[in-house]
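Report on the structure given below.
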Amino acid sequence: MNEIHLHNTLTNRLEPLSPLHPGEVRIYTCGPTVYAFAHIGNFRTFVFQDILRRFLRYRGYRVLQVMNVTDVDDRIIQNAAAAGIGIRDYTEKYIQAFLEDTDALHIELPEELVRATDHIEDMVTLIERLQKKSLTYTSDGSIYFRISQFPAYGKLSKIDVAGMQAGARVDVDQYEKDDARDFALWKAPKPGEHFWDTRIGPGRPGWHIECSAMAMKYLGDTLDIHTGGVDLAFPHHENEIAQSEAATGHPFVRLWLHAEHLILEGQKMSKSLGNFYTLRDLFAKGHKPSTIRYLLLSVPYRRQLNFTEDGLTQARNSVERLRNFTARLKSAQFAEGSNPEIQARIEKAEADFDAGLADDINTAIALAAIFDLVRDVNTAMDRGTFRQQDAPRAVAAMEKFDGILALLADDDEEKLRKLGFGTSKPGLSVSQIETMIEERQAAKKRRDFKRSDEIRQQLADSGILLEDTKDGAIRWKRK
RNA sequence: GGCGCGGUCGCCAAGUGGUAAGGCAAAGGUCUGCAAAACCUUUAACGGCGGUUCAAUUCCGCCCCGCGCCUCCA
């Protein structure tokens, strides 16, 4: 097995993964800010980290992943106030929505999904540590990190901080800072705003401190991997490094992984352009969760993904091919025995799949390994060289792959229904479908094609597609 | 302007100093009562100009084009 290599933004190089604690990989992922529904760009990143964690476990690692939920920030405070409710009540809806969305996409929950507002004390403690080291200053009740005290600032994003003149840019917010580069650790409350009364004064945490405090609380001073979208590298992750390393004196993160952005039909996704999609928008347009997951994972994470209507069609058809193949393996009849060549072929596919993912989570290679196998095995089945005992072995391989890709389960309808989408008419039950198929077979046998076609049409109207196969078996699937 | 990603068949997208993966689509075929579905086969591609080299899509330089970050946006 190939050693796992991942691209580290810090060094701009592929580096081998060697966890600090043998056998366990500790990951921190920047999660959602729950002021609205997450958009599909967010899910590109979340699907990526899902593939990563699934692959690490496939390789036998224990995974300890922490994902934050930012449930306090300027927008949340404003929106909650506008709605006349507390921030906890305001964010609850979007946290639930996030959980539902991730479930629909088969994104596994991290071991720890933690809310910022449950960790105010940890943030206060971390800020105090920085204060003791004289790395902060207070201005109008807000506490800032003094970047000039952290010479390594900029090492992640390679941004030329010296060139950032104080005041050269529009002031970020209404707070007074000594230097434009400095960032808020703690923000003094504005009149009427939600705040916490703490040892460092009344206020609320800045955005960056949240991730440092929670990451180190659960994962230790040094994490193996930190993931997020490319846009977070600066300033968010840069600031995380500054705070954390200044406080502990240890390296904060060994491997920084950044997922490239998704663009929509060639354009940046933005509300003003009107091309801003949430998962639910796509479901409402009739797209399946598995289609979206496939499209999001089919492009390797460091490459921009152009999300298009055309791409969705291609993704849907690709998922179909994988599912059809698996269904054929499970239902078709084969001659007794086994074929050593098939066994070897399956092993090669497994090795290729694994090698692809080990190479910086190259999902395109991993998928190609599967599709190559699909074609070769289909050919063998057509030629009759595929044997009965090869089938369970091939099914096992597909399931192994799917432990990471999570595309094969035909549960799109179920997932959509949970979210209130999909067909309003109740779907036929499996037994109803099977009864109708039997009836159609009987009609065909007595050459009553009018009746058999009628049943076929009825099923089609209910979204059930029949496949008359060569060996006489009937397969069906939901459209 | 600084930093970064990218331009490979009609579309999506790997990869390599020497015969360019895979998927979708298309065309042909197999199967079938008809059809559909499924499956098989085939086709076709390295932005431009120079340079290094026996050999460049791959390395170097310049140019053109697209996208991102440089303001709490994944």
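Per chain, numbering begins at 1; letters A, B, ... match sequence-line order. Computed from a predicted model, the values in this text were never measured in an experiment.
Residues satisfying the side-chain hydrogen bond (donor to acceptor under 3.5 Å, both in side chains) test with A/His39, not counting sequence neighbours, are A/Asn42. Checked against side chain to side chain contact (heavy atoms under 4.5 Å, CB included), A/Ile365 has the following partners two or more places apart in sequence or in another chain: A/Asn362. For the salt bridge (Lys or Arg N to Asp or Glu O under 4.0 Å) test, residues two or more places apart in sequence or in another chain that qualify with A/Glu111 are A/Arg53. Under the rule for a salt bridge (Lys or Arg N to Asp or Glu O under 4.0 Å), the partners of A/Glu350 that lie at least two apart in sequence or sit in another chain are A/Arg393, A/Lys400. Residues forming a side chain to side chain contact (heavy atoms under 4.5 Å, CB included) with A/Gln304 (at least two apart in sequence, or on another chain): A/Glu260, A/Ile263. Every side-chain hydrogen bond (donor to acceptor under 3.5 Å, both in side chains) that A/Thr9 has, sequence neighbours left out, goes to A/His258. Residues passing the salt bridge (Lys or Arg N to Asp or Glu O under 4.0 Å) test with A/Asp412, sequence neighbours excluded: A/Arg323.
Nucleic acid contact for A/Pro32: none, since no nucleic acid atom lies under 4.0 Å from a heavy atom of the residue. Within 4.0 Å of A/Ala364, counting heavy atoms only, lies at least one base atom of the nucleic acid. Counting non-hydrogen atoms under 4.0 angstrom, A/Ile370 reaches nothing in the nucleic acid. Among the protein residues, A/Gly311 comes within range of no part of the nucleic acid, since none of its heavy atoms lies under 4.0 Å from any strand. Using a 4.0 Å heavy-atom distance criterion, A/His208 is classed as making no nucleic acid contact.
Residue A/Gln314 places its side chain closer to B/rG23 than to any other of B/rG23, B/rA37, B/rC72. Checking B/rC73, B/rG22, B/rC12 against the side-chain heavy atoms of A/Ala368 singles out B/rG22 as nearest.
Between the P atoms of B/rG61 and B/rG6, the separation comes to 15 Å (whole Å).
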A correct 5'-to-3' footprint of nucleotides 29-36 of chain B, with B, S and - meaning base, sugar-phosphate only and no protein heavy atom under 4.0 Å, is --S-BBBB
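Ring orientation note: the planes of A/Phe401 and A/Phe353 are tilted relative to one another, at an angle of 30° to 60°.
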Any protein N or O atoms within reach of nucleotides 39-45 of chain B? Criterion: under 3.5 Å, listing atom names and distances.
| residue | atom | partner | partner atom | Å |
| --- | --- | --- | --- | --- |
| B/rC39 | O3' | A/Asn378 | ND2 | 3.3 |
| B/rC39 | O2' | A/Asp382 | OD2 | 2.3 |
| B/rC40 | OP1 | A/Arg375 | O | 3.4 |
| B/rC40 | OP2 | A/Arg321 | NH1 | 3.2 |

Listing time: all N or O pairs from protein to nucleotides 64-68 of chain B that are below 3.5 Å?
| residue | atom | partner | partner atom | Å |
| --- | --- | --- | --- | --- |
| B/rC67 | O2' | A/Gln304 | OE1 | 3.2 |
| B/rC67 | O2' | A/Gln304 | NE2 | 2.7 |
| B/rC67 | O2 | A/Gln304 | NE2 | 3.3 |

Side chains of residues 93-100 of chain A: which donor-acceptor pairs under 3.5 Å do they make with residues two or more places apart or in other chains?
| residue | atom | partner | partner atom | Å |
| --- | --- | --- | --- | --- |
| A/Gln96 | NE2 | A/Glu92 | OE2 | 3.1 |
| A/Glu100 | OE1 | A/Arg280 | NH2 | 3.0 |

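Near-neighbour residues of RNA chain B inside residues 104-120 of chain A, defined by a heavy atom below 4.0 Å, are absent.
Remark: the backbone N or O of A/Ile241 is not paired with any side-chain donor or acceptor of A/Ser244 at under 3.5 angstrom.
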